[in-house]
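For reference, the structure is listed below as structure tokens.
Position 1 is the first residue of the sequence; numbering continues from there.
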Amino acid sequence: MNGRPFAPMAGFGLLAACALPPEGVTQDDLVAFDEAVASIGCDLVGESDYLPVELQTGLTREQVIEVAQYRVAAEAAVSLENGGVRLISGGCAPK
């Protein structure tokens, strides 16, 4: 069997492993983000989700969006059909 059909998938795995946090976001910010998203039920979808996360973390809306995208790239969150993000790590890990 030739390994070529799996090469693109292997590359995607490397991309996810190399995901870097957004510039200006610290490890403490990432922990605060995870805790804040867990406190609102693990889904980040609309205004009623973003505001409490912004208030709890001190991050801007843009930073919250970037951290959510980073968490998806790092496979700690998944994209939802409605355009939102569900955290699947830490306090939001599926049981």
Side-chain angles (χ1 to χ4, degrees):
M1 179 177 197
N2 185 336
R4 288 185 187 189
F6 299 102
M9 289 189 286
F12 179 74
L14 291 175
L15 272 177
C18 294
L20 297 174
E23 191 172 325
V25 175
T26 67
Q27 187 63 37
D28 288 341
D29 292 332
L30 296 175
V31 170
F33 173 88
D34 291 352
E35 291 172 353
V37 174
S39 78
I40 61 161
C42 301
D43 288 355
L44 190 58
V45 179
E47 186 72 15
S48 63
D49 303 321
Y50 282 97
L51 278 176
V53 172
E54 291 169 22
L55 291 171
Q56 290 180 54
T57 62
L59 297 171
T60 66
R61 175 71 53 99
E62 182 178 327
Q63 288 174 312
V64 169
I65 291 168
E66 289 174 352
V67 172
Q69 292 169 342
Y70 163 70
R71 287 297 195 219
V72 170
E75 299 180 353
V78 294
S79 296
L80 300 173
E81 289 181 15
N82 61 6
V85 171
R86 174 171 293 144
L87 196 61
I88 58 168
S89 61
C92 294
K95 296 178 184 182

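Between Gln63 and Gly24 the shortest heavy-atom distance is NE2-O, 4.3 Å. Minimum interatomic distance between Ala74 and Ala19 (heavy atoms only, all atoms of both residues): N-CB, 4.3 Å. Residues Asp49 and Val45 come closest through the heavy atom pair OD2-N, 2.8 Å.
Under the 4.5 Å side-chain heavy-atom criterion for Ile, Leu, Val, Met, Phe, Trp and Tyr, Leu87 and Leu59 are members of the same hydrophobic cluster.
Under the side chain to side chain contact (heavy atoms under 4.5 Å, CB included) criterion, Glu54 pairs with Tyr50, Leu51, Arg61, Val64, sequence neighbours left out. For the salt bridge (charged side-chain N to carboxylate O under 4.0 Å, His left out) test, no residue two or more places apart in sequence or in another chain qualifies with Glu62.
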Indicate every side-chain donor-acceptor pair of residues 65-73 with a distance under 3.5 Å to a residue at least two apart or in another chain.
{"residue": "Arg71", "atom": "NE", "partner": "Asp34", "partner atom": "OD1", "Å": "3.1"}
{"residue": "Arg71", "atom": "NH2", "partner": "Asp34", "partner atom": "OD1", "Å": "3.4"}
{"residue": "Arg71", "atom": "NH2", "partner": "Asp34", "partner atom": "OD2", "Å": "2.9"}

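With rounding to the nearest 0.5 angstrom, the OG1 atom of Thr57 is 7.0 Å from the CG atom of Asp29. With rounding to the nearest 0.5 angstrom, the OG atom of Ser48 is 7.5 Å from the CD1 atom of Ile40.
Val25 is listed as a side-chain neighbour of Leu30, based on a closest heavy-atom distance under 4.5 Å.
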